[in-house]
Visitor: 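Okay, handing you the structure first.
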Amino acid sequence: MEEIKIPAHVGIIMDGNGRWAQARGKKRSYGHHAGSANVDRIVTHAFSRGVKALTLYAFSSENWARPKEEVDELMKLLKTYFKKFIKKVVKNDVRLIVVGGKEQLSEDLIKVIEDGENSSRENSGHILNIAINYGGRQEIVHAVNELIKSGEEVTVENISRKLYTAESGEPDLIIRTGGEYRLSNFLLYQGAYSELYFTDVLWPDFDEQELDKAITAFGSRKRRFGKV
Ligand code: FPP
């Protein structure tokens with residue numbers, strides 16, 4: 001088989017859970033459950049394909065405006081996810097990092113997140129960034145404030161070093177499922193030269209073959225980073 005180029009860092013906007021559930025006559029939370037189960041499948045497959053770092057958009061800083069019932073359900077799912085998959089992640093040499101403003105999350109969610117981060121800190125095979133209460137603009141403001149606090153110069157490189165995802169490098173590929181063509185405040189700074197891949201497939205249906213299609217599409221792109 002011809003060798004294909006594998007993106008080192010992939011970001012995913014996991015959109016379409018609600019529509020997936022509605023198409024089945026179910027409540028939106030049913031879609032979030034299916035979407036959550038899909039996270040495990042895609043993380044496993046991406047790392048087995050040689051992707052080094054994955055950044056998943058689980059909850060944006062704007063998602064708090066959804067009905068309370070849905071927000072509560074998503075928070076519950078995240079807690080369950082961390083509890084259930086931590087062991088697996090740690091065993092597979094994956095370092096878990098939660099990116100976004102943790103201070104607004106509930107104490108018990110923060111506790112399971114920190115357990116996961118602490119127990120995987122020494123892992124170096126892969127990085128799994130989960131974006132919760134994350135916004136790209138907020139991340140840039142946070143990075144600049146960090147520089148100001150430490151008296152460092154505000155430069156392009158220094159801002160990059162202070163981003164939540166600094167250890168993963170810039171995303172080579174950003175995938176958005178669910179048929180919308182926008183970034184929705186995801187990885188705005190580090191995504192400056194990312195290749196973008198949009199698909200109509202809804203997140204719970206985005207399986208291993210769909211990820212392979214995105215990786216293959218990435219392999220055929222010519223990246224010029226602003227040069228000729
Ligand atoms: C978008 O679908 C999805 C979200 C806002 C949440 C993403 C969350 C998960 C995939 C589950 C939990 C995550 C982890 C890491 C366990 P939508 O509700 O906007 O769908 P719609 O566009 O069809 O309404």
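Just follow the structure's listing: the first ligand is 1, and inside any ligand the first atom is 1.
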Visitor: Within the 3.5 Å criterion, strictly below it, is a donor on Asn133 or Gln104 matched to an acceptor on the partner's side chain?
Guide: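 Indeed, the side chains of Asn133 and Gln104 share at least one donor-acceptor pair under 3.5 Å.
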Visitor: Taking side chain to side chain donor-acceptor pair (under 3.5 Å) as the definition, give me every residue that meets it alongside Thr55, ordered by chain and number, with sequence neighbours left out.
Guide: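 His9, Asn129.
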Visitor: Tell me the protein heavy atom at minimum distance from atom 1 (C) of ligand 1, and give that distance in Å.
Guide: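 Going by distance alone, atom 1 (C) of ligand 1 is nearest to Met14 O, 3.2 Å.
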Visitor: Test of understanding: given a 4.0 Å heavy-atom threshold, classify the contact between Arg28 and ligand 1 as side chain, backbone, both, or neither.
Guide: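 The part of Arg28 near ligand 1 is the side chain, not the backbone.
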Visitor: Compute the minimum heavy-atom distance from Gly16 to ligand 1 and say whether it is under 4.0 Å.
Guide: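 Distance cut 4.0 Å: Gly16 passes for ligand 1.
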Visitor: Between Leu78 and ligand 1, find which residue part has any heavy-atom pair under 4.0 Å and reply side chain, backbone, both or neither.
Guide: side chain
Visitor: If only atom types and distance count, is the side chain of Asn92 paired as donor or acceptor with the main-chain N or O of Lys88 below 3.5 Å?
Guide: yes
Visitor: Check whether any side-chain N or O of Asp115 sits under 3.5 Å from a backbone N or O of Val112 as a donor-acceptor pair, and report yes or no.
Guide: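 Between the backbone of Val112 and the side chain of Asp115 there is no qualifying donor-acceptor contact (under 3.5 Å).
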Visitor: Keeping to residues at least two apart or across chains, list the salt bridge (charged side-chain N to carboxylate O under 4.0 Å, His left out) pairs with something in residues 7-22.
Guide: Asp15-Arg19, Asp15-Arg176
Visitor: At under 4.0 Å between heavy atoms, is it the side chain or the backbone of Lys84 that contacts ligand 1, or both, or neither?
Guide: neither
Visitor: If you count the atoms of ligand 1 from 1 in the order shown, which ones are under 4.0 Å from a heavy atom of Arg19?
Guide: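 Ligand 1 atoms under the 4.0 Å threshold to Arg19: 21 (P), 22 (O), 23 (O).
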Visitor: In ligand 1, which numbered atoms sit nearer than 4.0 Å to a non-hydrogen atom of His32?
Guide: 11 (C), 18 (O)
Visitor: If you measure from each non-hydrogen atom of Leu77 to ligand 1, which part falls under 4.0 Å: side chain, backbone, both or neither?
Guide: neither
Visitor: How does Trp203 reach ligand 1, if at all, at less than 4.0 Å between non-hydrogen atoms: by side chain, backbone, both, or neither?
Guide: side chain
Visitor: Taking only Lys NZ, Arg NE, NH1 and NH2, and the carboxylate oxygens of Asp or Glu, determine whether Lys27 and Glu73 approach each other closer than 4.0 Å.
Guide: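 No salt bridge links Lys27 with Glu73.
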Visitor: N/O of Asn63 under 3.5 Å from N/O of ligand 1, yes or no?
Guide: no
